[in-house]
Every structure is written in C-alpha cells, then in structure tokens.
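Working notes, beginning with the structure itself.
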Number of protein chains: 2
Amino acid sequence: MRKGYLEYCILLIINRKPVYVSDIINELKEARMIVVEGTLYPLLSRLKNNGILSYQWQESASGPPRKYYELTEKGRAFLAELENGWEELRAAVEHLKR
Amino acid sequence: MRKGYLEYCILLIINRKPVYVSDIINELKEARMIVVEGTLYPLLSRLKNNGILSYQWQESASGPPRKYYELTEKGRAFLAELENGWEELRAAVEHLKR
DNA sequence: AAATAGTACTTTGCAATGCAAGGTATTAGA
DNA sequence: TCTAATACCTTGCATTGCAAAGTACTATTT
C-alpha cells in the first residue's frame, strides 16, 4: 500500500504524547498502517535535524534505554501545515470523484 | 509539497471520459492541484505500458494531434484498488486524529 | 513559400520517500 | 558468562514527482 502522508500520521501520533519507535509502530498498526523500522528511523532523524522534533533518553524496565520523541514549537507549526495539505488533498479527491 | 495519490486522481479524471494531457492539467487545476507536464507524461506512459490505459490519436482544430487516454478493463480494476487504498488511508488518518 | 509562434509530446537528470536487509549496542535473565 | 530480547542505526535500491531542455507538427503571418 502506498502511504504518502506518512510524515503527517507520525506527527499526529507524537503530538499526543512522547513516544518511541515501538510505540509509533504499534499505533500505526492499530490504524491499519504497516510501517517498518527502516522507514521510521531515517524519517525521525530528518525531522529532528530540521528542528521539528526533539527527544529525551528514558530508561526502560525491560531493555536498553529509549528515545522518546516530542514536537518542538516549530514542529507544531509544521503539523498545522501538513494538516492543511491533507485537507486540500482530501478536498481535491472529493472534487474529482463526483 | 508531496502529492501522493496523484495516480489515483489522474485515473479518476480519465475514468469520466477520454482526455489528453492538457485536459488533465486543467481538471487538476480546478481541484487545486498543480501538476506539470514533466510529471504527467512519464506517469501516463508507465500506466499505458502496464495495460492500465490505452490511447487514441485524435486530430485537433488548432494544432498537432493529441493522445486521448482512456481506462482499459484492467485499468478499471486497478482504479477500484486505488479507491480502497485511499479509503484505508483516510480511515487511518481519521483514527489517528482523535 | 518561408519564417514564426503555438501546441503537444518526450527525454534526461535530480531529489525525496519508503522499504528490505543487515548491523551495532545495551540490558535482563538463565 | 552466555543468550535472547530490545532498541537504535546504516546502506542500497525502487519509485515518485519535478525542472529543464528538446523534438515535431500545425496554423498564421509576411
């Protein structure tokens, strides 16, 4: 399945509360989107380097420490843009379908 | 901005009636999607080579002849698949937004 | 009829996205 | 101390979309 707008979906998830990669994959799975690690890590790194995300290391009771990501100020603004883009695409498809 | 699902939008347009590239660009413009020739021609060629589309040359009153594209049987089946994919993505985004 | 302008189709090269596959490092538990 | 599990990271590839430049045909103007 073609994902497109994966970035948007991931930011929607992170926007709710800080999460690490496994959390993200599980939430996507609940929404019936299958995404793998090899897709997420580079994407998260890119967003972090662009100042959209920040992270904090956090201990785990059952394994190595985890990177918990959250949105920066800039990230919330960027999410709002993606929201617009999504609505525009949705409107376009609606328009073309009738 | 990344469009994703551009292929879907284009097949929606061609499904209504045979069109050539300029028609497609205009209809997309009406739906507020800006797409250029350099994107469309390779996409249409690919779809034609995959048996999704066929075309017929048609004279023009005001210039060189045009390639009018239409969906094949296989193309209509493929469009139905894309329809599913789109609905799945829409459902996923809905799910993640609440 | 020759030159010009306009329309239509095509190709090439690049950047971004997503995936598969394989690799490294830390921790818990036997 | 060794093994299994968890977590993070990297490399190489296929696909998608765009910019830019190029080719070919038609109509119009001179």
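Just so it is clear: chains get the letters A, B, ... in the order the sequence lines come, proteins before strands, and each one is counted from 1.
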Subject >> Length of the line joining B:Arg66:CZ and C:dT10:C1', which is rounded to integer Å >> reply: 18 Å
Subject >> Rounded distance [0.5 Å steps], OH in B:Tyr69 versus CD1 in B:Ile10 >> reply: 11.0 Å
Subject >> Partner residues of B:Arg90 under the side-chain contact (heavy atoms from CB on, under 4.5 Å) criterion, sequence neighbours left out >> reply: A:Trp86, A:Arg90, A:Glu94, B:Trp86, B:Glu87
Subject >> By side-chain contact (heavy atoms from CB on, under 4.5 Å) - contacts of B:Asn15 (at least two apart) >> reply: B:Leu71, B:Arg76, B:Leu79
Subject >> Phosphate contact (D:dC8 OP1 or OP2) by A:Tyr41 side-chain N/O below 4.0 Å >> reply: yes
Original post:
From B:Phe78 CZ over to B:Leu82 CG, what is the distance, rounded to the nearest 0.5 angstrom?
Top reply: 4.0 Å
Subject >> Below 4.0 Å: OP1/OP2 of C:dT7 and any side-chain N or O of B:Ser22 >> reply: no
Original post:
Which atom names give the shortest non-hydrogen contact between B:Leu53 and B:Thr72, and what distance separates them?
Top reply: C-CG2, 3.7 Å
Original post:
Roughly how many Å is it from CG in B:Leu6 to P in D:dC18, rounded to a whole number?
Top reply: 7 Å
Original post:
How long is the line joining CG of A:Leu89 and P of D:dT16, in whole Å?
Top reply: 16 Å
**OP:** Specify the angle, to 10°, made by the local axes at the two ends of the helix from C:dA1-D:dT30 to C:dA30-D:dT1 when five pairs are taken at each end.
**Re:** 10°
Subject >> Results of side-chain contact (heavy atoms from CB on, under 4.5 Å) for A:Pro18 - residues two or more places apart only >> reply: A:Tyr68, A:Glu70
Subject >> Length of the line joining B:Ile24:CD1 and D:dG17:P, which is rounded to integer Å >> reply: 14 Å
**OP:** Measure the OG-NZ distance between B:Ser22 and B:Lys29 for me, rounded to the nearest 0.5 Å.
**Re:** 8.0 Å
Subject >> Spacing between A:Ile10 atom CD1 and C:dC19 atom C1', to the nearest angstrom >> reply: 13 Å
Original post:
By salt bridge (Lys or Arg N to Asp or Glu O under 4.0 Å), which residues pair with B:Glu59, not counting sequence neighbours?
Top reply: none
Subject >> A:Leu40 CG to C:dC19 P, straight-line distance once rounded to whole Å >> reply: 8 Å
Subject >> Residue B:Arg32 excluded, over 12 heavy atoms near CZ under 6.0 Å >> reply: no
Subject >> Footprint string (nucleotides 20-26 of chain C, 5' to 3'): B base within contact, S backbone only, - free, heavy atoms under 4.0 Å >> reply: BB----B
Subject >> 5' precedence on DNA chain C between B:Lys67 and A:Ser62 (nearest-nucleotide basis) >> reply: B:Lys67
**OP:** Quickly work out the B:Ile25 CD1 to D:dC18 C1' distance and round it to whole Å.
**Re:** 12 Å
**OP:** Taking only heavy atoms on the protein side, list every residue of residues 44-55 of chain A lying under 4.0 Å from any atom of DNA chain C, sorted numerically.
**Re:** A:Arg46
Original post:
In whole Å, what is the span from the CD atom of B:Glu59 to the C1' atom of D:dA27?
Top reply: 14 Å
Subject >> Phosphate-side-chain proximity, A:Ser60 and C:dT27, N/O vs OP1/OP2 below 4.0 Å >> reply: no
Sequence neighbours left out, cut at 3.5 Å: what donor-acceptor pairs do the side chains of residues 36-51 of chain A make with other protein atoms?
unit_1: A:Ser45; atom_1: OG; unit_2: A:Tyr41; atom_2: O; d: 3.1
unit_1: A:Arg46; atom_1: NH2; unit_2: A:Glu7; atom_2: OE2; d: 2.2
unit_1: A:Asn49; atom_1: ND2; unit_2: A:Ser45; atom_2: O; d: 3.2

Original post:
Quick one: is B:Tyr20 getting a side-chain N or O under 4.0 Å of the C:dA8 phosphate, OP1 or OP2?
Top reply: yes
**OP:** Mind listing the closest non-hydrogen atom pair of A:Arg16 and B:His95 along with its distance?
**Re:** NH1-O, 4.3 Å
**OP:** Output all residues satisfying side chain to side chain donor-acceptor pair (under 3.5 Å) with A:Glu83, sequence neighbours left out; order by chain, then residue number.
**Re:** A:Tyr8, B:Lys97
